[in-house]
Amino acid sequence: MPKLADKTLCTGCSACANVCPQQCISMIEDNEGFTYPQINSDLCVECHLCEKSCPVLNKKDIDIEIRNAYAAISSDNFVRNESSSGGIFSELALEILKSGGVIFGASYGKSGVVEHICVDNVESLWKLRGAKYSQSYLGDTFIEVKKHLLLGENVLFSGTPCQVAGLKAFLRRDFDNLFCIDFVCHGVPSPMVWREYVKHRSLKDNDGKLPTMINLRNKETGWSRYSYSVKFDYSDNKNYMCKNNSDQYMQLFVNDYILRKSCSNCQFKGYDRISDITLGDFWGIWDIDSSMDDNKGTSMVLTHSKKGEHLFNSILSRINCKPVTLEQASKMNPSLLYSSVHKEVRNQLLEEIRNNGFQGAQRYVQQERQVGSSMKGKLHKFIHKIIHK
């Protein structure tokens, strides 16, 4: 029988399931809400393609052609306002669509479930904008990507660094018409927890009726210095809006309670990426170049290949862009380089939520608030001591 990646390292990228010629590998959700490959031994012919297509078992040597970093902002205020940061993903995607190509990225599906979809027109591009803090369901996305590539169409695939690595491992060859964008990833939260949170919010805010729109990076309260908010829109003009650092789900996500096990030892961190372009929020731009921070969002852009640099250069007439150093880009973006190590109580918390819904997380959220308050108090005392020394 083929030997797949250990559960502590498996990213759930689904490359093994997509590449299997017998279709004998299924991605099965475990009790924490994450999917892992499961082999049907009765159908397996032991071709070992799954092993050969695993990006964890077969780390690819990365040939970095370019290492350029930028702070960038779309000139389209509407696109920028609807985006997580500076709107650069939308501008890059627009360029691919103009060539007759297609975009694959994460979107909200039924019940708020996050899944990868294909977009082939500008009118539907909004579905891929904004942050989705849940591991996305890939399904047969890699197979669909390959179909479009073989037809000669330009394809832009956007996903986590491990999803991009999974796609490249699945394809097992380079395509000139494939453009891959990854992003600065803090880690992927449990889809089960996300489903329970959407249900929890809906019951609390709207008598159980699901939201019509979810925006985890709403900029009505700003963007600079992490001032964005979480917003759920419901029918009849009802909504829930909360500053990100006070929202219960965001507290669990950012403080590493609900991440996939492999995120504690991510194999795809660093400046050297298998993607063509890395995007992220340019946190700290206010200290580097205040002219690039108007509180509406600024993108951090890293290009890793000539192809990626060429694509980025093709949108320069539609953006405001300034070069920066890699050190400036990563200074307040530690997730670019370092793994997010989960809390010791992670397993208990996930079990609590599975058994009792999101309300089972309440005491952990309260605990995090108390820890945060205590740390803030200690920091204030330390600063006071230094000032009056």
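Everything numeric in this text was worked out from a predicted model, so none of it was measured.
Although no hydrogens or angles enter the test, the distance criterion places a donor-acceptor pair under 3.5 Å between the side chain of Asn295 and the main chain of Ser224. Ser299 contributes no side-chain N or O that, together with a main-chain N or O of Ser85, makes up a donor-acceptor pair within less than 3.5 Å. The backbone N or O of Val188 lies less than 3.5 Å from no partner atom in the side chain of Arg260, so there is not a single donor-acceptor pair. At distances below 3.5 Å, not a single donor-acceptor pair connects side-chain atoms of Asp233 with backbone N or O atoms of Thr212. Formation of a donor-acceptor pair under 3.5 Å by the Ser136 side chain with backbone atoms of His116 is not found in this model. Using a distance-only test at 3.5 Å, with no hydrogens or angles considered, no donor-acceptor pair links the side chain of Asn333 to the main chain of Ser335. Judged by distance alone, with hydrogens and angles left aside, the side-chain atoms of Ser14 form no donor-acceptor pair with the main-chain N or O of Ala17 at under 3.5 Å. Judged purely by atom type and a 3.5 angstrom limit, Gln267 uses its side chain to pair as donor or acceptor with the backbone of Asn265. Looking only at distances, no side-chain donor or acceptor of Ser340 sits under 3.5 Å from a matching main-chain atom of Gly187. Although no hydrogens or angles enter the test, the distance criterion places no donor-acceptor pair under 3.5 Å between the side chain of Asp236 and the main chain of Lys238.
Cluster membership for Val230 and Tyr249, using ILVMFWY side-chain heavy atoms within less than 4.5 angstrom, is shared. Linking Ile, Leu, Val, Met, Phe, Trp and Tyr whenever their side-chain heavy atoms come within less than 4.5 Å leaves Ile73 and Val301 in two separate clusters. Connection of Leu156 to Ile88 is established within a shared hydrophobic cluster, with ILVMFWY side chains joined at heavy-atom distances below 4.5 Å, either directly or through further cluster members. When hydrophobic clusters are built by joining Ile, Leu, Val, Met, Phe, Trp and Tyr residues whose side-chain heavy atoms come closer than 4.5 Å, directly or via intermediates, Phe89 is not grouped with Phe78.
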Inset, instruction - May I have the step-by-step check of side chain to side chain contact (heavy atoms under 4.5 Å, CB included) for Thr160 and Phe183, ending in yes or no? - result: CA-CA 6 Å; Thr160 62; Phe183 51 84; 3.5 Å; yes
Legend entry - Steps toward salt bridge (Lys or Arg N to Asp or Glu O under 4.0 Å) verdict (Glu95, Lys98): CA-CA 5 Å; Glu95 202 65 20; Lys98 282 164 57 179; 3.5 Å; yes
Inset, instruction - Show your working on side-chain hydrogen bond (donor to acceptor under 3.5 Å, both in side chains) between Asn356 and Glu352 and close with a plain yes or no. - result: CA-CA 6 Å; Asn356 301 306; Glu352 187 79 30; 3.0 Å; yes
Legend entry - side-chain hydrogen bond (donor to acceptor under 3.5 Å, both in side chains) evaluation trace for Ser330 with Tyr271: CA-CA 9 Å; Ser330 61; Tyr271 290 127; 2.7 Å; yes
Inset, instruction - Could you walk me through whether Tyr240 and Asp247 pass the side-chain hydrogen bond (donor to acceptor under 3.5 Å, both in side chains) test, one step at a time? - result: CA-CA 10 Å; Tyr240 158 82; Asp247 178 79; 2.6 Å; yes
Inset, instruction - Just do the salt bridge (Lys or Arg N to Asp or Glu O under 4.0 Å) check on Asp30 and Lys7 with the steps written out, would you? - result: CA-CA 11 Å; Asp30 72 353; Lys7 193 170 184 178; 3.1 Å; yes
Inset, instruction - Would you sort out whether Asp76 and Ser74 count as a side-chain hydrogen bond (donor to acceptor under 3.5 Å, both in side chains), showing the intermediate values? - result: CA-CA 5 Å; Asp76 187 322; Ser74 169; 5.5 Å; no
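Under the 4.0 Å criterion applied to side-chain N and carboxylate O atoms, Arg318 and Glu91 are assigned as salt-bridge partners. We find that Arg67 and Asp272 are joined by a salt bridge, their nearest charged nitrogen and carboxylate oxygen being less than 4.0 Å apart. Between Glu309 and Lys306 there is no salt bridge, since none of the side-chain N atoms of the basic residue sits less than 4.0 Å from a carboxylate O of the acidic one. Ion pairing between Arg80 and Asp294 holds under the 4.0 Å rule for side-chain N and carboxylate O. By the 4.0 Å N-to-carboxylate-O rule, Arg346 lies close enough to Glu32 to be salt-bridged with it. No salt bridge links Arg354 with Glu351; every basic N to acidic carboxylate O contact stays at or beyond 4.0 Å.
For Phe175, there are no ring-ring contact (aromatic ring centres under 6.0 Å, His included) partners two or more places apart in sequence or in a different chain. In this structure Phe253 satisfies the ring-ring contact (aromatic ring centres under 6.0 Å, His included) test together with Tyr133, His186, sequence neighbours excluded.
Here Thr141 contributes atom OG1 and Asn18 contributes atom CG; the two are 7.5 Å apart, rounded to the nearest 0.5 Å. Considering OG of Ser314 and CG of Leu92, their distance stands at 7.0 Å, rounded to 0.5 Å. Note that CD1 of Ile62 is 9.0 Å distant from NE2 of His304, once rounded to the nearest 0.5 Å. Here the straight-line distance linking atom NZ of Lys132 with atom CD of Gln135 works out to 15.0 Å at 0.5 Å rounding. Rounding to the nearest 0.5 Å places OG1 of Thr325 at 7.0 Å from CD1 of Ile288. Note that CZ of Arg195 is 7.0 Å distant from OG of Ser190, once rounded to the nearest 0.5 Å.
A cation-pi arrangement is not found for Lys269 relative to Tyr338, the charged atom failing to lie both closer than 6.0 Å to the ring centre and inside a 45° cone about the ring normal. Geometric assessment of Lys59 against the ring of Phe268 yields a positive cation-pi assignment under the 6.0 Å and 45° thresholds.
Leu57 approaches Ala5 most closely through the heavy-atom pair CD1-N, 4.0 Å. Nearest heavy-atom pair, Gly297 versus Trp223, reported as atom, atom and distance to 0.1 Å: CA-CD2, 3.3 Å. Smallest separation of non-hydrogen atoms from Ile117 and Ser107: CD1-CB, 3.6 Å. Nearest heavy atom pair, residue Ser53 against residue Ala15, reads O-CB, 3.4 Å. Ser264 and Val341 make their closest contact through OG-CA, 3.6 Å (heavy atoms, listed as atom of the first residue, atom of the second, distance). Contact record, Ser202 with Lys209: CB-O, 3.5 Å, taken as the closest heavy-atom pair.
For Tyr70 and Phe312, the gap between ring centers is short of 6.0 Å. Residues Phe358 and Tyr197 place their aromatic rings such that the two centres sit under 6.0 Å apart.
Taking the side chain as every heavy atom from C-beta outward, Leu4 and Cys10 never approach each other to under 4.5 Å. Contact annotation: the side chain of Thr278 approaches that of Leu336 to within less than 4.5 Å [non-hydrogen atoms, C-beta and beyond].
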Scan the side chains in residues 36-49 for donor-acceptor partners under 3.5 Å anywhere in the protein, sequence neighbours excluded, and list what turns up.
unit_1 : atom_1 : unit_2 : atom_2 : d
Asn40  : OD1    : Asp42  : N      : 3.0
His48  : ND1    : Glu51  : OE2    : 3.1

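Heavy-atom neighbours of Met213 CE from other residues, nucleotides or ligands within 6.0 Å: at or below the threshold of 12. Counting heavy atoms of neighbouring residues, nucleotides and ligands inside a 6.0 Å radius, atom CG of Asp176 does not exceed 12 of them. Within a 6.0 Å radius of NZ in Lys261, more than 12 heavy atoms belonging to other residues, nucleotides or ligands are found. For Glu344, the CD atom sits in a loose shell: 12 or fewer heavy atoms of surrounding residues, nucleotides or ligands are nearer than 6.0 Å. Annotation: Glu29, atom CD; neighbour count of heavy atoms from other residues, nucleotides and ligands within 6.0 Å is above 12.
If you run side-chain hydrogen bond (donor to acceptor under 3.5 Å, both in side chains) between Ser229 and each of Asn244, Asn218, Thr221, Asn245, only Thr221 comes through.
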